[in-house]
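First the structure, in the form of structure tokens, and then the observations on it.
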Number of protein chains: 2
Amino acid sequence: MDSPSPLERVLDAETKAAENPQDHRDELRLWLRLLTCTTLIEGEIRRRLRERFDVTLPRFDLMAQLDKAPDGLTLSALSKRMMVSNGNVTGLVERLVETGHVARRTSATDRRAQLISLTELGRAEFRTMAAAHEEWVAEMFAGLGRPPREDLMRLLGRTKSSVRAAITADI
Amino acid sequence: MDSPSPLERVLDAETKAAENPQDHRDELRLWLRLLTCTTLIEGEIRRRLRERFDVTLPRFDLMAQLDKAPDGLTLSALSKRMMVSNGNVTGLVERLVETGHVARRTSATDRRAQLISLTELGRAEFRTMAAAHEEWVAEMFAGLGRPPREDLMRLLGRTKSSVRAAITADI
DNA sequence: AGGAGATGTTTTAAGCTTAAAGTAATCCGG
DNA sequence: CCGGATTACTTTAAGCTTAAAACATCTCCT
């Protein structure tokens, strides 16, 4: 355990009474604020996708992955990139096949695997939605100037590393 | 529209080719990184709550709100604070009543409303879980020093304002 | 070749989530 | 005090999500 630096003592004194070593309220507040930001943005994107394009966010996300992979992706690859379970992707693909946005073909080299790719319809619709989506996101971050956005980007990069380290540490 | 400052020109030149005014890839990347951080943390918390306490995150969240409100909360108040729909809360409360973690009583002043509060069991279990939860969160942010955490906190505060402004602007 | 283990996918059961519509009680202006 | 608007809550239908178990195919070792 490090003892607090002089700067930390000052900050402590400024913010509140002496801090005991077990207290992690600041980290908790940070997490709650992070969650609030994400929930707000995600909720608004969901709402607009639904309202203007009658599509759900998970379907949009799946199409986004396929748009970046012109040769198609297997269900496993999709599941890994989307950070969701395999069974989840099975259902999403099923519904997107029904609506004609994606197509499945069995892999030539592995009869277990299926390659999923966007249909022409799927690609065209996705491109339209993606353009609007990009505008929406930019609009929501517009209140932040460019330099703060870059600071935030950097700090979130460090956060991601920190979290991954904590997650993989206890496996 | 502002024309780019000298510093912005330098940054543009450093990062990639000349930027056209419609391009919002940076904001998109920022949003995706924010989402990744939240997804990672939230997924791990979900997993641990399930594994160690056999509880879901929504139930934990609901109990957290009740723990902060000793006199109980109506379903509407819960729904507002948790930022989820009314119907959602109806179901969560129903299941938590079944397991004996919360209790409902009709408001003395408004026969439509019900006040939900933690039972003794619910409060005891919540306190145990909350302590572990706080540790987990601290652990995941531990790779970040205190000053970067404070920077992040501040930037997320500005982000929240920016997003709220964008969301309420088009209502 | 044969079989163990790995990998790709689907199914199942349970729970979460929402929007929209429906029911019940309250509030408030006339 | 009465009727319309609002507020509190529930129900419904649809979709998302997961963990776990089941199934299919492949890989690789001997």
Counting side-chain heavy atoms from CB outward, which of D:dC9, D:dT25, D:dC16 is closest to A:Thr56?
D:dC16
State whether A:Ser76 places a side-chain N or O below 4.0 Å from either non-bridging phosphate oxygen (OP1 or OP2) of C:dT7.
no
Look at B:Asn88 and C:dT18 and indicate whether a side-chain polar atom (N or O) is within less than 4.0 Å of OP1 or OP2.
yes
Quickly work out the A:Leu49 CG to C:dA19 P distance and round it to whole Å.
13 Å
Out of D:dT25, C:dT26, D:dC9, which has the shortest distance to the side chain of B:Arg111?
C:dT26
Please name the residue in the list B:Thr39, B:Thr159, B:Thr38, B:Thr36 that meets the side chain to side chain donor-acceptor pair (under 3.5 Å) test with A:Thr38.
B:Thr38
When rounded to the nearest 0.5 angstrom, what is the spacing between CG in B:Leu144 and CD in B:Glu150?
11.0 Å
Here the ring pair (Phe, Tyr, Trp, His ring centres under 6.0 Å) pairs for residues 54-96 of chain B, sequence neighbours left out, are B:Phe60-B:Phe126, B:Phe60-B:His133
Among D:dA24, D:dT10, D:dT7, which nucleotide has an atom closest to any side-chain atom of B:Gln114?
D:dT10
Under 4.0 Å from OP1 or OP2 of C:dG8: is there any side-chain N or O of A:Ser107 that close?
no
So, does A:Arg104 get its side chain near the phosphate of C:dT10, meaning an N or O under 4.0 Å from OP1 or OP2?
yes
When you measure from the side chain of A:Ala113, which nucleotide among C:dG8, D:dC16, D:dT10 comes out closest?
C:dG8
Among C:dT18, D:dA8, D:dT17, find the nucleotide with the atom closest to the side chain of B:Val84.
C:dT18
Respond yes when some side-chain nitrogen or oxygen of A:Arg95 is under 4.0 Å from OP1 or OP2 of D:dA14, and no when none is.
no
Check every atom of C:dT11, C:dA25, D:dT18 against the side chain of A:Glu94 and return the nucleotide holding the closest atom.
C:dT11
Out of D:dT6, C:dC16, D:dT17, which has the shortest distance to the side chain of A:Leu92?
D:dT17
Counting only side-chain nitrogens and oxygens, does B:Arg50 get under 4.0 Å of the OP1 or OP2 atom of C:dG15?
no
Expressed as a whole number of angstroms, how long is the span from B:Asn86:CG to C:dA19:C1'?
12 Å
Closest-nucleotide ordering on DNA chain D, the 5'-leading residue of A:Thr109 and A:Ser85:
A:Ser85
Does a side chain donor of either B:Arg81 or B:Gln65 reach within less than 3.5 Å of an acceptor in the other side chain?
no
Return yes if some donor-acceptor pair links the side-chain N/O of A:Ser162 with the main-chain N/O of B:Gly143 below 3.5 Å, else return no.
yes
Taking D:dT17, D:dC9, C:dG8 as options, the one with an atom nearest any side-chain atom of B:Thr90 is D:dC9
Toward the 5' end of DNA chain C, which comes first, A:Arg46 or A:Val89, by nearest nucleotide?
A:Val89
Regarding the side chain of B:Arg112, the nearest nucleotide among C:dG8, D:dA8, D:dC9 is D:dA8
Of the nucleotides C:dG8, C:dT9, C:dC16, which one has an atom closest to the side chain of A:Asp110?
C:dG8
